[in-house]
J.: 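I am attaching a structure below and will ask some questions about it afterwards.
Remember, it's 1-based here, ligands and their atoms both numbered in the order they're listed.
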Amino acid sequence: MGDPGLAGKAIVITGAGAGIGRVTAEQLAAEGARLMLGDIDADAAESTARAIRAAGGEARAQRVDVTRDDQVAALVEATLDAYGGLDGAFNNAGIEEENHKVAEVDEALFDRVMAINVKGVWLCMKHQTAAMAAHGGGSIVNTASVAGLVGAPRKAAYAGSKHAVVGMTKSVAAEYARQGIRVNTVCPGIIRTAMMERAIEQAARAGYASEEKQRQFHAAMHPMGRVGEAGEVAEAVRWLLSGASSFVTGHQLAVDGGLTAL
Ligand code: NAD
């Protein structure tokens, strides 16, 4: 993406029905990007697309389960059909893991976290790099986490999955650097979304700490003394997708209020 701005760029976003994906879609559309929004929750993806169109932006929605090769391929194909190319991708669909020590976690949960958070990102990059290489390059941003940079007690599978996203990102960045495709991650700290709320409720139910105590703990984990907002992650994604970051690839961009600085 030589042009520093995102106006007219064709960008695919997964997990666009809620949270970080939805807010990022809204911010990219406001800059004039043309979006293909994928989510396993088709109604949620369509609701994001409708809100963007109502605000004068360009967005289409398509149901995708990122663990399914044929569906990820179809999402990329739909983007090419709709917009004639693929300039950017935000591979953001992911699930959290409930707070449990490793001995208490079912094998099935481990497999599910890996399928969505790791295989999902791998399948997205597999199909997107092929499409971008055929159209002169592009920029891919994968959502990892601070749990991709440091450990996350009681979330070993989740942390493993996000470390895997970092490893895949570095590898694919090196593979495609000479074909004009840049690949980076954003690594959010705790961000105020439905995912964060579910995690707080579950940990309270499991008796780890009251909801109030957890909110205080979450804020205190970040040197800035607060959790982050989805829009703050979106801003980092916007920069990585744009030509303004033209010499940045294989990088992990922490958006974490200083959490990993300590
Ligand atoms: P969210 O739960 O609010 O939204 C995630 C979206 O992904 C949902 O719309 C969901 O339907 C979709 N999704 C789930 N499984 C899918 C699948 N198989 N195929 C397609 N779509 C699927 O979560 P969020 O907080 O916005 O998180 C987005 C990303 O950010 C995730 O990868 C998450 O791990 C990461 N993250 C979140 C936080 C946080 O504190 N919220 C922190 C670090 C990283």
J.: What protein heavy atom sits nearest atom 13 (N) of ligand 1, and how far away is it?
T.: Ile40 CG2, 3.9 Å
J.: Looking only at atom types and distance, does a side-chain atom of Glu31 sit under 3.5 Å from a main-chain N or O of Ala7, one as donor and one as acceptor?
T.: no
J.: Can you find an N or O of Ile116 that's nearer than 3.5 Å to an N or O of ligand 1?
T.: no
J.: For atom 19 (N) of ligand 1, what's the nearest protein heavy-atom neighbour? Residue, atom name and distance, please.
T.: Val66 N, 3.1 Å
J.: Under a 4.0 angstrom heavy-atom cut-off, which atoms of ligand 1 come close to Ile20?
T.: 26 (O), 30 (O), 37 (C)
J.: Just by distance, with hydrogens left out, do Gln62 and Asp39 show a side-chain donor and acceptor under 3.5 Å apart?
T.: no
J.: For the residue pair His127 / Asp69, report whether a side-chain donor-acceptor contact shorter than 3.5 Å exists.
T.: yes
J.: Specify the protein heavy atom at minimum distance from atom 30 (O) of ligand 1: its residue, its atom name, and the distance to 0.1 Å.
T.: Thr143 CG2, 3.2 Å
J.: Is there a donor in the side chain of Thr14 and an acceptor in the side chain of Asn91, or the other way round, less than 3.5 Å apart?
T.: no
J.: Please work out which of Asn92, Val23, Asp43 has its closest non-hydrogen atom nearest to atom 29 (C) of ligand 1.
T.: Asn92
J.: Side-chain heavy atoms under 4.5 Å apart, restricted to Ile/Leu/Val/Met/Phe/Trp/Tyr: what other residues fall into the cluster of Leu262, or is it alone?
T.: none
J.: When you measure from the side chain of Lys155 to the backbone of Glu97, do you find a donor-acceptor pair of N or O atoms at a distance under 3.5 Å?
T.: yes
J.: Numbering the atoms of ligand 1 from 1, which are under 4.0 Å from a heavy atom of Gly94?
T.: 31 (C), 32 (O)
J.: Would Asp39 count as a contact residue for ligand 1, given that I'm defining contact as a non-hydrogen atom of the residue lying under 4.0 Å from a ligand atom?
T.: yes
J.: Against ligand 1, does Arg198 come closer than 4.0 Å with any heavy atom?
T.: yes
J.: I'd like to know if Arg192 contacts ligand 1, where contact means a heavy-atom distance under 4.0 Å to any ligand atom.
T.: no
J.: Starting from atom 4 (O) of ligand 1, find the nearest protein heavy-atom neighbour and note its residue, name and distance.
T.: Ala18 CB, 3.8 Å
J.: Considering heavy atoms of the protein only, find what lies nearest to atom 42 (C) of ligand 1 and give residue, atom and distance to 0.1 Å.
T.: Gly189 O, 3.1 Å
J.: With heavy-atom distances below 4.0 Å as the criterion, list the atoms of ligand 1 near Gly15.
T.: 6 (C), 7 (O), 12 (C)
J.: Out of all atoms in ligand 1, which are within 4.0 Å of some heavy atom of Val64? Include the element for each.
T.: 19 (N), 20 (C)
J.: How far is atom 34 (O) of ligand 1 from its nearest protein heavy atom, and which residue and atom name does that atom have?
T.: Tyr158 OH, 2.7 Å
J.: Indicate yes or no for a side-chain donor-acceptor contact from Arg182 to the backbone of Gly137 under 3.5 Å, with no hydrogens or angles considered.
T.: no
J.: Give me the residue, atom name and distance of the protein heavy atom closest to atom 24 (P) of ligand 1.
T.: Thr193 OG1, 3.7 Å
J.: Take atom OH in Tyr208; do more than 12 heavy atoms of anything else shown fall under 6.0 Å from it?
T.: yes
J.: Take a 6.0 Å sphere around CZ of Arg215 and say whether it holds more than 12 heavy atoms from other residues, nucleotides or ligands.
T.: yes
J.: Determine, stepwise, if the pair Leu253 / Trp239 fulfils side-chain contact (heavy atoms from CB on, under 4.5 Å).
T.: CA-CA 11 Å; Leu253 179 47; Trp239 181 73; 4.2 Å; yes
J.: Taking only residues two or more places apart in sequence, or in another chain, which ones meet Thr67 in a side-chain contact (heavy atoms from CB on, under 4.5 Å)?
T.: Asp65, Ala115, Ile116
J.: Using non-hydrogen atoms of the residue, decide whether Ala16 is closer than 4.0 angstrom to ligand 1.
T.: no
J.: Given that the side chain starts at C-beta and the backbone is N, CA, C, O, which of these parts of Arg22 lies under 4.0 Å from ligand 1, counting heavy atoms, or is it both or neither?
T.: neither
J.: What's the shortest distance from atom 40 (O) of ligand 1 to any protein heavy atom, and which residue and atom give it?
T.: Ile191 N, 2.8 Å
